[in-house]
*Asks:* 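Dropping a structure here in structure tokens format, bear with me for questions.
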Amino acid sequence: MSLKQPCRSGIISRYREHLPISNKTPLISLNEGSTPLLHSPKLSSLLSAHVYLKYEGLNPTCSFKDRGMTMAISKAVEEGAKRILCASTGNTSASAAAYAARAGMQCVVLLPAGRIATGKMIQAYLYGARVIAIQGNFDDALRLVRQLGERHDFVVVNSTNPYRLEGQKTAAFEIIEELGEAPHLHLLPVGNAGNITAYWRGYSEFYRLGISQRLPLMLGVEASGAAPLYHGAPMDHPETLATAIRIGQPASWHGAMKAIEESSGCFDIVSDEEILKAQQWLAREEGVFAEPASVVPVALLLKYASATNPSSLRTNAIFRKLPAHPTVVLTLTGHGLKDPETASHSISPPLEVAPTLQEVLAHL
Ligand code: F0G
């Protein structure tokens with residue numbers, strides 16, 4: 001197989017031979033994928049490693065979900081579906097609504113009432129989805145979606161749809177192609193656990209094909225108030241300000257466990273306070289604005305780098321398995337502008353001054 005140069009023509013065009021599509025599959029794409037792999041000088045020096053940020057917030061609807069949605073919607077159109085349905089903490093619904101609009105399909109989204117970041121809610125409405133707010137959490141919404149999907153003619157486009165993870169695995173392909181090899185360690189936030197399952201599939205496939213010579217250790221990071229995988233048991237009342245990963249019963253539990261076990265990785269956690277600090281740190285130190293759920297791996301690395309007793313963290317055992325100066329990749333799953341309210345906790349209102357040069361100079 002000849003590797004293609006990065007281009008922005010959508011993941012189905014770029015990775016056609018690695019995806020379950022045929023000549024009959026229509027291409028519903030917004031030119032997703034081919035996102036930047038940014039070197040992070042500050043994290044690299046803090047950890048004596050080569051650290052890269054896979055900036056998935058630069059996808060068409062500003063999250064990694066677009067990679068899976070181009071597949072799910074293209075296949076739904078191929079199968080003659082007219083309506084799609086999903087539960088979401090915000091990003092899946094934004095992406096589903098956009099790709100449904102592109103395909104001319106009806107889209108229904110079930111969201112936990114009052115717990116969706118503004119930008120994501122606006123996206124779902126603007127792309128024309130029918131939005132239903134559930135008085136419950138994401139796990140309640142997904143349960144209802146599963147029931148509706150069984151009884152009615154909806155195609156469910158949550159990550160329980162097998163095509164979603166097929167699309168999302170392409171992020172691992174891009175990383176291998178850009179680095180020339182898989183990283184030693186890959187960290188990503190975990191909510192419903194589809195993405196960690198998809199990355200592991202992507203890394204494993206390229207390894208089996210001989211395109212990469214190693215497999216990374218996988219480190220899944222949860223918010224401490226919504227950490228079912230870390231604790232090894234589902235949670236009834238998950239709570240975190242990182243609303244995208246406020247999930248207590250991950251649908252891809254087994255896929256996530258497989259990724260951790262097969263890669264000899266682990267799950268670790270960070271607090272909401274650490275998440276907010278990491279969001280600000282990443283913006284100020286690296287010029288990258290990512291939403292709260294996206295920065296949980298950054299928060300974990302900052303905590304690890306500054307820990308007085310690093311052996312108290314599960315992450316410590318992972319770093320001890322790595323060679324000197326390892327290559328480390330973090331996925332930044334969504335753009336910071338999706339959730340302006342949470343980010344606004346970190347800023348003070350701008351200073352207002354009279355419109356004179358003197359006044360402005362006085363406040364520089
Ligand atoms: N980061 C962001 C920004 C997300 O929106 C999500 C999940 C995750 C991380 C976790 O990924 O679920 O594959 O483990 N968002 C889903 C949604 C649940 O509905 O948008 P995961």
*Asks:* Would you kindly confirm whether L85 and I73 end up in one hydrophobic cluster when ILVMFWY residues are joined by side chain heavy atoms under 4.5 Å apart?
*Replies:* no
*Asks:* Determine the sole option in W200, Y52, Y199 for which the ring-ring contact (aromatic ring centres under 6.0 Å, His included) test with H186 is passed.
*Replies:* Y199
*Asks:* Would one find more than 12 heavy atoms of other residues, nucleotides or ligands at under 6.0 Å from atom NE2 of H254?
*Replies:* no
*Asks:* Between V156 and Y163, is there shared hydrophobic-cluster membership here, with clusters defined by ILVMFWY side-chain heavy atoms closer than 4.5 Å?
*Replies:* no
*Asks:* Is the charged tip of R314 near the ring of Y230: under 6.0 Å from the six-membered ring centre and within 45° of its axis?
*Replies:* yes
*Asks:* Measure the spacing between CE of M69 and OG of S159 and express it to the nearest 0.5 Å.
*Replies:* 9.0 Å
*Asks:* Backbone N or O of K42 within a donor-acceptor pair of the E286 side chain at under 3.5 Å?
*Replies:* yes
*Asks:* Suppose clustering is done on Ile, Leu, Val, Met, Phe, Trp and Tyr with side-chain heavy atoms closer than 4.5 Å. Which residues sit in the same group as V131?
*Replies:* V109, L111, I116, M121, Y125
*Asks:* Is it the case that R16 and T25 place a side-chain donor and acceptor less than 3.5 Å from each other?
*Replies:* no
*Asks:* Is there a continuous path of hydrophobic side-chain contacts, each under 4.5 Å between heavy atoms, that joins L219 to L332?
*Replies:* yes
*Asks:* Can you see whether E341 engages T118 through a side-chain donor-acceptor pair at a distance of less than 3.5 angstrom?
*Replies:* yes
*Asks:* Tell me every residue that passes salt bridge (charged side-chain N to carboxylate O under 4.0 Å, His left out) with E205, counting only those two or more places apart in sequence or in another chain.
*Replies:* K169
*Asks:* Tell me, do V190 and I245 make a side-chain contact under 4.5 Å, heavy atoms counted?
*Replies:* no
*Asks:* Is there a continuous path of hydrophobic side-chain contacts, each under 4.5 Å between heavy atoms, that joins L209 to F173?
*Replies:* yes
*Asks:* Does the pair E32/R14 count as a salt bridge with the N-to-O cut at 4.0 Å?
*Replies:* no
*Asks:* Got a salt bridge between E261 and K258, using NZ or NE/NH1/NH2 to carboxylate O under 4.0 Å?
*Replies:* no
*Asks:* Tell me if the aromatic rings of F267 and H231 count as close, with their centers under 6.0 Å from one another.
*Replies:* no
